Structures are given as C-alpha cells and as structure tokens.
Enquirer: 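Dropping the structure in here first, questions after.
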Amino acid sequence: MDFELNDEQKLFRQTLREFVDKEIVPVAAEWERTGRYPAEIVERFKQMGLFGITIPEEYGGMALDRVSFALVFEEIARGWMGVAGVLGSHSLASWMIARYGTEEQRDAYLPDLATGARRTGIALTEPAAGTDLQGIQTRAVRDGDHYVINGTKTWITNARHADPMPVLVKTAVTEPAHRGMSLILVEAGTPGYTVSRDLPKLGYKGTETCEIVLQDVRVPVSQLLGGVEGRGMQQALSALELGRINIAARAVGISQCAYDAALNYSRERHAFGRPIADFQAVQLKIADMATEIQAARLLTYWAAVRSEAGAVNAEAAMAKYFASEVALRSTMEAMRIHGGYGYSQEFVLERLYRDAPLMAIGEGTNDVQRMVIAKSLISGAAKVGW
C-alpha cells in the first residue's frame with residue numbers, strides 16, 4: 001500500500017501546477033467577471049496534449065492513468081474550476097468513443113479529438129429529465145440509412161464547440177425505457193442542430209453551458225455509437241462513473257484553493273494586536289478543513305486506482321459525494337475566516353463559494369450518489385473494509 005504519487009505522476013503534477021499558477025490564476029478573476037472566453041487557455045490545453053488524456057496512444061492521445069487523470073482536474077480547478085469544464089465533458093465523450101465506438105468512428109474522430117482540433121461534449125440532460133435519464137423525450141426515428149432526431153437538451157457544456165456531440169436519444173419505445181436508448185454522434189453544422197441559448201449560471205463560468213435544439217436533424221445510421229441500438233444508457237452511465245472522479249478531483253481543487261487562501265489570510269490578518277491564526281476559533285477551522293480536504297483527496301485517488309481495476313460505481317460515488325460536500329464546507333469556512341473580505345470580488349473566496357455547489361449537483365446529485373452507494377453495499381457489489 002503506497003500513499004505517494006510515483007515519480008512520473010509527481011512530475012506531471014508539477015508541470016500542471018506551474019501552468020495553472022502562471023497562466024490561469026492571474027487571469028481567472030478578471031476573465032470570469034467580464035465573461036471573456038478563455039481561448040488562450042484552451043490553446044495551451046491543446047499544446048500540452050490535455051485534450052487527449054482519455055484517448056489511446058495509437059490515436060495520438062496520452063491515455064493517462066486514472067490518478068493522473070484526477071490530477072489534471074484537481075490542479076486546473078484549483079486555479080479556475082470553470083475552465084476545467086472545457087476538458088471534463090470532452091474527456092468523457094472521447095473515452096466513450098474510444099471504448100464503445102466502431103473502428104470507423106474511432107478512426108474518424110479520435111486523432112483530432114486528441115489534439116483538440118476537434119472538441120466534444122455529451123448531451124444527456126433535458127428540461128424535464130435530469131437525474132431520471134430514462135425520462136428523456138428526444139427521439140431518433142429510423143428513415144432508411146438515416147436517423148431523424150427531434151428534441152431539446154439542456155445544461156450542455158462545450159455546446160458551441162462540440163464536433164461531434166454524442167446525443168442520448170430514444171431509438172425505440174421499450175419497457176424498461178433504457179433498452180430503447182442510444183447515443184448518436186451529431187456533427188457540428190448538421191441542419192436542424194442549433195445552440196438556442198446560453199444558460200445564466202451562479203458560477204461555473206469560463207466555459208459555455210447551453211440549450212440545444214434538434215429539429216428534424218438527419219444523421220447517418222453510421223453515427224450510432226457502437227453501431228448497435230439500445231446501448232446508450234449503459235454507455236452514458238459508464239462515462240458518468242469516470243465523470244464522478246473528474247468532479248471529485250475538481251472539488252478537491254476548489255477546497256485546496258479555499259484552504260490555501262484561508263491559511264495565508266489568517267497569518268497576515270491582524271486583530272487585537274496579533275494574527276488571527278493565533279486565535280483558537282480560527283485554528284479549529286483550519287484543522288477541520290485540512291483534515292477533510294486530505295481525506296477527500298485520498299478517497300478520490302483511491303477511487304481512481306480502483307477504476308482501473310474495473311467496475312467502480314460505489315467507489316466513484318463515495319469520492320464524488322464526500323469531496324463535493326467538503327468543497328461546500330471548505331469554501332464556507334474559508335469565507336468565515338476572511339470575514340467581510342471573503343464576500344468581496346477582490347478576493348478569490350466568493351468565486352470558489354459560487355463554484356462549489358455545482359460539485360454536489362453535477363454527474364448526479366449527492367442524494368443519487370448516496371443511493372448508488374447504499375444499493376451497491378446492500379447487493380454485495382461493494383463493501384467497506386478489507
């Protein structure tokens with residue numbers, strides 16, 4: 001049992017950390033405030049090969065181990081969680097194409113997805129179907145050698161840049177519903193496929209989050225992911241397991257940034273003639289934050305390691321659930337330590353405080369994660385202890 005990163009992972013983390021500190025941290029506050037799209041950061045992602053982190057080397061990707069995958073999102077979220085979203089959805093969709101795509105689909109898309117020449121996302125959620133994906137209404141009806149797709153998707157990251165966009169649809173009406181669900185790769189510019197609007201958000205800024213409308217969109221049957229109908233739900237849920245490690249790592253990054261800011265501020269801020277770090281009430285908050293953040297980090301890395309061994313449903317849910325709750329608590333406690341300054345846009349805490357809630361919602365709400373964990377334990381698919 002080894003709780004240390006290996007030498008390659010340490011070097012990779014250091015490279016990421018230097019990049020974040022030099023090129024993301026200095027611009028994050030201003031770019032978020034003005035709504036400026038982080039085009040320069042996206043270009044650096046391309047240069048560093050980060051669009052290929054879940055793509056096999058034979059297609060030009062990095063094929064990172066899962067701990068290194070988590071490190072990418074932890075370090076970037078420490079600087080600006082919003083821009084981590086540019087890589088998040090892309091990485092999950094790329095992994096799905098690599099894992100489930102036909103040989104022709106992999107050859108057509110993965111080389112460009114690995115370099116960032118193409119980007120992608122994943123269109124699952126609908127206005128009336130979030131947690132209950134089986135309740136989606138988007139339909140794809142076979143018409144000769146094409147599918148005709150009609151429906152609306154919402155809360156879609158990378159919507160304006162995705163090419164292709166995997167879209168979860170119903171290709172058949174079945175009972176249970178998941179047996180008739182499929183993923184279809186819709187290319188940018190396909191007639192009838194439009195990004196209708198950007199959604200206003202509390203936080204998670206830096207990348208677009210949009211609503212997509214599909215009206216009589218004709219897509220060749222060859223764009224069906226994997227070439228077999230009825231497997232879309234399974235494919236999407238497998239990607240969401242990896243996505244929960246992504247979200248857990250982002251939550252750790254947010255928490256680490258909040259902790260660093262609180263610790264530094266407590267040393268510099270004086271009250272009653274001494275640093276507030278000397279006061280026991282502040283010390284207790286710092287101790288609690290540090291302990292919970294390190295526990296969240298280790299749980300996330302453990303889930304990442306376990307995911308390489310196969311099914312990781314409960315482990316990823318545990319990591320995502322715990323780490324996101326820690327992010328909520330850490331940002332609040334760090335804001336308390338900052339006092340009034342924590343509420344100011346001149347300090348980083350108010351942005352972290354706005355970004356943290358999404359970690360408890362994205363890739364399945366935390367109530368869903370608790371249900372996943374409980375069902376896995378009760379069925380015997382997972383256990384606690386050795």
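Source: prediction; values computed, not measured.
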Enquirer: Looking at R119 and D163, is any side-chain nitrogen of the basic one under 4.0 Å from a carboxylate oxygen of the acidic one?
Expert: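 No, no charged N to carboxylate O under 4.0 Å.
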Enquirer: Charged N to carboxylate O below 4.0 Å: is that the case for E308 and R66?
Expert: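 Result for this pair is no, no salt bridge flagged.
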Enquirer: Near R231 CZ, under 6.0 Å, is it more than 12 heavy atoms from other residues, nucleotides or ligands?
Expert: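 Open.
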Enquirer: Does E103 pair with R106 as a salt bridge, N-O distance under 4.0 Å?
Expert: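 No, E103 and R106 are not salt-bridged.
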Enquirer: I'd like to check the ring pair (Phe, Tyr, Trp, His ring centres under 6.0 Å) partners of Y147; sequence neighbours left out, ordered by chain and number.
Expert: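 If we apply the ring pair (Phe, Tyr, Trp, His ring centres under 6.0 Å) test to Y147, skipping adjacent residues, there are no hits.
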Enquirer: Would you say Q283 has more than 12 foreign heavy atoms packed within less than 6.0 Å of its CD?
Expert: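 Yes, the 6.0 Å shell around CD holds more than 12 heavy atoms from other groups.
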Enquirer: Looking at R160 and D198, does any basic side-chain N land under 4.0 Å from a carboxylate oxygen?
Expert: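 Looking at R160 and D198, the cut-off is met.
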Enquirer: Has T209 got a side-chain atom pairing as donor or acceptor with L199's backbone, closer than 3.5 angstrom?
Expert: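 No.
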Enquirer: Scan for ring-ring contact (aromatic ring centres under 6.0 Å, His included) pairs involving residues 237-273, sequence neighbours excluded, and state none if there are none.
Expert: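 Pairs touching residues 237-273 that pass the test: Y265-H338.
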Enquirer: Please determine if E211 and K153 form a salt bridge, counting it only when a charged side-chain N lies under 4.0 Å from a carboxylate O.
Expert: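 Looking at E211 and K153, the cut-off is not met.
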Enquirer: What are the two closest heavy atoms between A28 and R351, and how far apart are they?
Expert: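 Answer, listing the atom of A28 first, then R351: CB-NH2, 3.6 Å.
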Enquirer: Before accepting this row, confirm whether a basic side-chain N of the pair K320/E315 lies closer than 4.0 Å to the acidic partner's carboxylate O.
Expert: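 Result for this pair is no, no salt bridge flagged.
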Enquirer: Do N313 and K375 have a side chain donor and acceptor closer than 3.5 Å?
Expert: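 Note: N313 and K375 side chains miss the donor-acceptor criterion.
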